[in-house]
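Accompanying notes for the structure given below.
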Amino acid sequence: MRKACCNKDGRSKGPWSKEEDQKLIDYIKLHGDGCWHSLPKAAGLDRCGKSCRLRWMNYLKPDIKRGNFAQDEEDLIIKLHALLGNRWSLIAGRLPGRTDNEVKNYWHSHIRKKLICMGIDPNNHKIYHHHHIHDVYSSKNLSNSLGNPNADDHVMHENTMTRNIKEDTSSTLDLNLNMP
DNA sequence: AAAAGTCTCAACCGCCATTCC
DNA sequence: TGGAATGGCGGTTGAGACTTT
């Protein structure tokens with residue numbers, strides 16, 4: 001995505017090429033991950049350790065699940081966000097195969113807007129304008145704006161989410177969260 | 001058909017915590 | 001003990017894709 005720009009230490013930046021990806025994969029297959037600072041040199045990469053770590057953690061790791069989030073994953077993110085706030089790595093830790101970056105992106109691009117559209121404040125998960133919810137659900141615009149042709153599904157989903165949020169206090173144990 | 005506006009998401013930045021010497 | 005190095009995280013950016021006008 002982002003093009004390479006000036007860099008203090010002269011290393012490459014910006015999008016990873018297939019060759020760079022392959023070098024990183026090959027190296028980690030042989031030696032395992034960790035020691036990110038010395039990895040680039042050892043792997044023959046003109047990148048900083050941080051960049052290698054990020055690329056591996058978010059894209060190259062073999063168990064990463066890419067693509068659309070399932071409904072239950074989305075519900076879980078909302079539930080966990082209500083409990084934990086913007087602690088994306090902790091939230092991602094409860095979603096097998098998902099990374100903190102992906103969860104964070106999905107939150108900002110999809111879930112946040114959805115909650116706002118439902119009249120739920122995404123920061124504190126409180127319903128801030130109940131009439132708005134009613135208006136939204138009585139309007140055909142909702143299904144268009146959310147990309148779902150069946151508005152009834154959204155009413156049901158909103159009910160599920162509202163219920164989830166209400167259950168938050170009792171759900172901490174169910175989720176078995178290990179708070180640091 | 002094309003210009004303008006909006007959205008998505010890969011990647012960077014800066015800060016903080018931990019580890020090392 | 002303390003400063004430097006390193007790892008990890010959340011916030012933010014911006015190119016390119018997509019949609020609307």
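The basis for the numbers below is simple: all heavy atoms, side chains too, and nothing from hydrogens, waters or symmetry mates.
- When heavy atoms are screened at a 4.0 angstrom cut-off, A/Asn86 is found touching the sugar-phosphate backbone but no base atom.
- Taking side-chain N and O atoms only, A/His110 has a distance below 4.0 Å to OP1 or OP2 of B/dT8.
- Taking atom CG of residue A/Asn101 and atom C1' of nucleotide C/dG8, one finds them 13 Å apart after rounding to whole Å.
- Taking the six-membered ring where the residue is Trp, A/Trp88 and A/Trp107 present tilted rings, their angle falling between 30° and 60°.
- Contact annotation: A/Ser51 reaches the phosphate of B/dC12 (side-chain N/O to OP1 or OP2, under 4.0 Å).
- For C/dG8, one of the phosphate oxygens OP1 or OP2 lies less than 4.0 angstrom from a side-chain nitrogen or oxygen of A/Trp36.
- Atoms CG and CG, on A/Leu90 and A/Leu80 in that order, are 8.0 Å from each other to the nearest 0.5 Å.
- In this model, no side-chain donor or acceptor of A/Asn58 finds a partner on the base of B/dA10 within 3.5 Å.
- For the OP1/OP2 pair of C/dC9 and a distance below 4.0 Å, the side-chain nitrogens and oxygens of A/Arg53 include at least one atom meeting the criterion.
- Rounded to an integer number of Å, the gap from A/Lys113 NZ to B/dT8 C1' is 8 Å.
- When the P atom of C/dG10 is taken as reference, atom CG of A/Leu54 falls 13 Å away, rounded to whole Å.
- An OP1 or OP2 oxygen of C/dT13 is reached within less than 4.0 angstrom by no side-chain nitrogen or oxygen of A/Lys13.
- Among the atoms of the strands shown, base atoms are found under 4.0 Å from some heavy atom of A/Tyr59.
- Looking at the side chain of A/Arg55, the nearest of the listed nucleotides C/dG10, B/dA11, C/dG7 is B/dA11.
- Side chains of A/Trp16 and A/Leu45 form a contact here, defined as non-hydrogen atoms less than 4.5 Å apart.
- Rounded to whole angstrom, the span from the CZ atom of A/Phe69 across to the C1' atom of B/dT8 amounts to 13 Å.
- One atom, NE2 of A/His108, and another, P of C/dT13, lie 12 Å apart when rounded to the nearest Å.
- Out of C/dG11, C/dC9, B/dT8, the shortest distance to the side chain of A/Trp88 is found at C/dG11.
- The line from NE2 of A/His108 to NZ of A/Lys113 is 10.5 Å long, rounded to the nearest 0.5 Å.
- The interatomic distance linking A/Lys104 (NZ) with B/dC13 (C1') rounds to 11 Å, in whole Å.
- In terms of position along DNA chain B, the nucleotide closest to A/Trp16 lies nearer the 5' end than the nucleotide closest to the other residue of the pair A/Trp16 and A/Lys50.
- Salt bridge annotation for A/Glu20-A/Arg55: absent, with no cationic side-chain nitrogen under 4.0 angstrom from a carboxylate oxygen.
- Side-chain contact between A/Met57 and A/Thr99: absent, with no pair of heavy atoms (C-beta onward) separated by less than 4.5 Å.
- Within the structure, every side-chain polar atom (N or O) of A/Arg112 is placed at least 4.0 Å from both OP1 and OP2 of B/dT8.
- Distances shown here put every side-chain N or O of A/His37 at or beyond 4.0 Å from the OP1 or OP2 atom of C/dA5.
- When rounded to the nearest whole Å, the span between CE of A/Met57 and P of B/dC12 equals 16 Å.
- One interatomic measurement links the two molecules: CD of A/Glu20 to C1' of B/dA10, which rounds to 14 Å at whole-angstrom precision.
- For C/dC9, one of the phosphate oxygens OP1 or OP2 lies less than 4.0 angstrom from a side-chain nitrogen or oxygen of A/Ser89.
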